[in-house]
Asks: 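If you scroll down you'll find the structure; I have some questions about it.
Naming: A, B, ... by sequence-line order, numbering from 1 per chain. Model, not experiment: these values are computed from the prediction. Below, each value reflects all heavy atoms present in this structure, side chains not excepted, and no hydrogens, waters or symmetry copies.
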Amino acid sequence: MARVFNWQLGREMSYWYPESRPKRQFAAVFDINKCIACQTCTLACKTTWTSGKGQEYMLWNNVESKPYGCYPLAWDLKLMEMLDGQNWEGRRYDGRTLFESAPAGERVNGWRPESQDYAYPNVGEDDCTGQVDKGASLMTPHMNWFFYLARICNHCTYPACLSSCARGSIYKRPEDGIVLVDQQRCRGYQDCVKGCPYKKIFFNPMTGTSEKCIACYPKVEQGVQPQCFENCIGKIRLGGWISRPEQARADNPIDYLVHIRKIALPLFPQFGLEPNVYYIPPINVPPAYLTQMFGPGVEQAVAAYKSAATDKDLAGLLCLFGSTERIVTRWSRQGDIVTGTEENGSVVMRVPLNEPVHVRPAYDRLYQIARVNCP
Amino acid sequence: MKLISYSLLAAGMLITAGCSREPKRVNEVVAIPAAAIPSAPGDSVWDRAPEHAAKLLLQDLVEPRLMEPSTTEVRVRAVRTPSQIAFRLDWNDATLDEMAKPGMFVDGCAIQLPKANNGQAPDPQMGQQGQTVEITFWRADWQAAVNGRAPTKIQDFYPNATIDHYPSEAKSLEPGSAKQKEMERLYSPARALGNLRSGPRESAVEEMIAEGPGTLSRAAASNNSKGNGTRTKTGWQVVISRAAPQGLAPRQRSQIAFAVWEGSHKEVGARKMRTGWIPLLLEESPK
């Protein structure tokens, strides 16, 4: 194995291949606080990419209700059990990654889901509430909280699917960092399915090959955000390009949220894959749980997010989420107006920090009629 | 006296049945001459061929490795004509695994010969750069498809699944029409790109070449490989035939290697039991 630097762990780690970062890396920030689990993202992806035979139970995008919801079954719980001693010393990870803890004969420490593990997407989604008899109190192992976790492939800097494939059928595009399966070369060994801890690569039993989220690369190549981003009615997603921490730019929306304000965090950074989808953690969830899921920056991230009400820059940038289908590569704020621009400098949109409010009286004197709110 | 009579009778029955005769054991693979290549594992020609019991080893060269042994031995017989050679592989396998699913794998076997017979054997595990090996790979699921098993459908994995709509079966598409078939192809990405792994399946074997681990790829030129496997009471009997080794005359030796995958043991790809090189002798026709 080679030694590579993983900035999310604050240290070098072992990986199957030497460090080779793409010219630029596709990345995203998901604001969990805004997700309502409407699954519009799931359907947008499903109808676009996985409506063929053999893809019926394949969800490249899914939304699961935490802490109990999961797809495939118990994907995260199994990994928590497999990775012992996930300790952080400040911002440095002291435990072993999935590469460093690989058993003899394996490239990655992984597990294999079987058909039934995909059979119940988001089983347990309602377990945080449930029926309560009159007069009884609700007893669950957790405090009564939950949140929705939307997941796609993380297009990791150090993909475990890629390193698991002894045939080299998976590649990371040097131009944008998107991770793809070569459908001509794949022979369906399923080592990638075993290796990917996020379980975002799937075996298609009809074609006999593995398939995965392609970050809608035909759209990204045109400067447009993926389907699950564009169709998100909660406007929780922002797609773009992330720089290395030492090259972070304040006018790059993703850099600003991840590197500068540090309010968006990677999912299970301790796995060691340097995933490139970042989450603004939910503010209503106990920090201990969130720290296990998003690493040691959780409390700082939640505090920064809560400060957005008085922080015009942060509030302004959060206004850009879902405001355009285009990929915004630069942003700026002048007064109460936030501007997003594309790579060529053209302005994509301008949004106000506060939408103008119009109050219409209930009774319209001009037409002498009472107004009603139509459903 | 009565005992002797019964013994003679029993011996006579065995000879008549012609199926229980113990094969001649040899310590290399010996291909005997035959008038034609038998495609069926039960063909009587195989009874004439001597048997080599090849010990199977763990694939332990590259990750992912197989850490626990499964199939320990494959029994091999071989026959040849001037242009073709065939091998019957016989191994014990208690479980029938003939459908690949998430986390589930199929039974299979393969033969491997050096492309060139120039006295320099490539590395036995998938060859080496500049020294190609030719592999013929048989799989139980391909055999099932060739035998007429209906195309896999989602209910094979989820019996209670109901599907509202496949775009490739939209009402506007006449079933079986060129347009409908084209839609079917487009919604099967690997097949649309010509990946033979995705079918349609017309043969139980695949012809491959390799120059080292991880380099397995489709052979550019066919060597007329064919395969036919049947389930026995104890496991599998599979006949794999192909063109005779290039440049190899009768009484000369080449090498051959075998591999066996046990699906229920999660064996796939590099996770396999395999042999090293075994001498392969082309026996001369009787004069």
Side-chain angles (χ1 to χ4, degrees), chain A residues 1 16 47-58 72 102-108 110-120 163-169 180-195 199 201-212 214, chain B residues 58-60 62-68 99-106 137 139 141-142 151-158 160-169 183-184 186-199 201 206 208 213-218 266 268-271:
Chain A
M1 285 208 197
W16 198 257
T47 52
T48 306
W49 298 116
T50 61
S51 51
K53 292 179 180 177
Q55 300 175 319
E56 292 87 345
Y57 283 74
M58 196 184 286
E106 300 286 335
R107 294 178 169 214
V108 180
W111 68 280
R112 284 184 207 284
E114 297 186 358
S115 296
Q116 62 269 27
D117 294 321
Y118 297 104
Y120 310 100
S163 63
S164 297
C165 181
R167 287 184 55 69
S169 301
L180 297 177
V181 181
D182 182 342
Q183 290 295 322
Q184 276 183 308
R185 185 158 178 77
C186 177
R187 288 180 63 79
Y189 297 162
Q190 301 187 45
D191 282 315
C192 52
V193 182
K194 184 179 183 186
K199 298 301 168 221
I201 188 161
F202 304 85
F203 180 65
N204 181 329
M206 310 314 191
T207 64
T209 57
S210 292
E211 298 173 358
K212 70 180 286 299
I214 58 173
Chain B
L58 292 160
Q59 188 293 112
D60 55 359
V62 293
E63 281 83 6
R65 285 181 271 164
L66 190 64
M67 303 305 286
E68 291 177 7
M99 186 177 284
K101 304 178 189 182
M104 309 290 271
F105 302 93
V106 296
F137 180 34
R139 283 174 47 134
D141 56 340
W142 298 342
T152 309
K153 57 187 187 305
I154 190 64
Q155 285 79 12
D156 293 330
F157 314 109
Y158 304 99
N160 299 319
T162 54
I163 305 298
D164 299 331
H165 171 70
Y166 289 114
S168 59
E169 292 178 357
M183 282 288 278
E184 195 86 55
L186 291 176
Y187 277 86
S188 178
R191 184 179 294 188
L193 286 167
N195 187 337
L196 286 184
R197 179 68 192 78
S198 300
R201 206 74 236 165
E206 196 173 11
M208 312 294 290
T215 66
L216 187 70
S217 52
R218 194 195 305 179
K266 310 285 185 199
V268 66
R271 300 175 207 270

Asks: If every non-hydrogen atom of A:Thr207 is compared with every non-hydrogen atom of B:Ala190, which pair is closest and at what distance?
Replies: CB-CB, 4.1 Å

Asks: State whether the side chain of A:Arg107 and the backbone N or O of B:Glu63 hold a donor-acceptor pair below 3.5 Å, judged by distance alone.
Replies: yes

Asks: With chain B as the partner, which of A:Gly54, A:Cys186, A:Ser164 has the greatest number of non-hydrogen pairs under 4.5 Å?
Replies: A:Cys186

Asks: Under the ring-ring contact (aromatic ring centres under 6.0 Å, His included) test, which residues partner A:Tyr118, sequence neighbours left out?
Replies: A:Tyr71, A:Phe202

Asks: So which heavy atom on A:Tyr189 is nearest to which on B:Phe105, and how close?
Replies: O-CE2, 3.4 Å

Asks: As an exercise: rank B:Arg197, B:Glu169, B:Arg191, B:Arg65 by heavy-atom pairs under 4.5 Å with chain A and give me the winner.
Replies: B:Arg197

Asks: Check each atom of A:Ser51 against the heavy atoms of chain B and say whether the ones under 4.5 Å are side chain, backbone, both or neither.
Replies: both

Asks: Over all heavy atoms of both residues, which pair between A:Tyr57 and B:Ala161 is shortest? Give the atoms and the distance, please.
Replies: OH-CB, 3.7 Å

Asks: So for B:Gln59, is it side chain, backbone, both, or neither that comes closer than 4.5 Å to the heavy atoms of chain A?
Replies: neither

Asks: Salt bridge check, B:Lys153 against A:Glu56: does any charged N sit closer than 4.0 Å to a carboxylate O?
Replies: no

Asks: Check whether A:Ala104 gets within reach of chain B through its side chain, its backbone, both or neither, counting any heavy atom under 4.5 Å.
Replies: both

Asks: Between chain A and each of B:Ser198, B:Ser168, B:Pro102, count heavy-atom pairs under 4.5 Å; write down the option with the most.
Replies: B:Pro102

Asks: Distance only, no hydrogens: is a donor on one side chain within 3.5 Å (strictly under) of an acceptor on the other, for A:Gln55 and B:Tyr166?
Replies: no

Asks: Checking heavy atoms, do the side chain of A:Trp16, its backbone, both or neither come under 4.5 Å from chain B?
Replies: side chain

Asks: By ring-ring contact (aromatic ring centres under 6.0 Å, His included), which residues pair with B:Phe157, not counting sequence neighbours?
Replies: none

Asks: Is it the side chain or the backbone of B:Met104 that comes within 4.5 Å of chain A heavy atoms, both, or neither?
Replies: both

Asks: B:Met183, B:His165, B:Arg218, B:Glu184: which one forms the most heavy-atom pairs within less than 4.5 Å of chain A?
Replies: B:Glu184

Asks: Run the side chain to side chain contact (heavy atoms under 4.5 Å, CB included) check on A:Lys53 and B:Ile163 step by step: do they pass?
Replies: CA-CA 10 Å; A:Lys53 292 179 180 177; B:Ile163 305 298; over 6 Å; no

Asks: Looking at A:Gln116, A:Arg185, A:Lys194, which has the largest count of heavy-atom pairs under 4.5 Å with chain B?
Replies: A:Arg185

Asks: Could you tell me which non-hydrogen atom of A:Ser115 sits nearest to which non-hydrogen atom of B:Lys101, and how far apart they are?
Replies: OG-CB, 3.9 Å

Asks: Is a donor on one side and an acceptor on the other found under 3.5 Å between the side chain of A:Arg167 and the backbone of B:Leu216?
Replies: yes

Asks: Determine whether B:Asn195 and A:Gln183 make a side-chain contact, defined as any pair of heavy atoms from C-beta on separated by less than 4.5 Å.
Replies: no

Asks: Evaluate side chain to side chain contact (heavy atoms under 4.5 Å, CB included) for B:Arg271 paired with A:Glu106, printing each intermediate quantity in order.
Replies: CA-CA 10 Å; B:Arg271 300 175 207 270; A:Glu106 300 286 335; 2.6 Å; yes

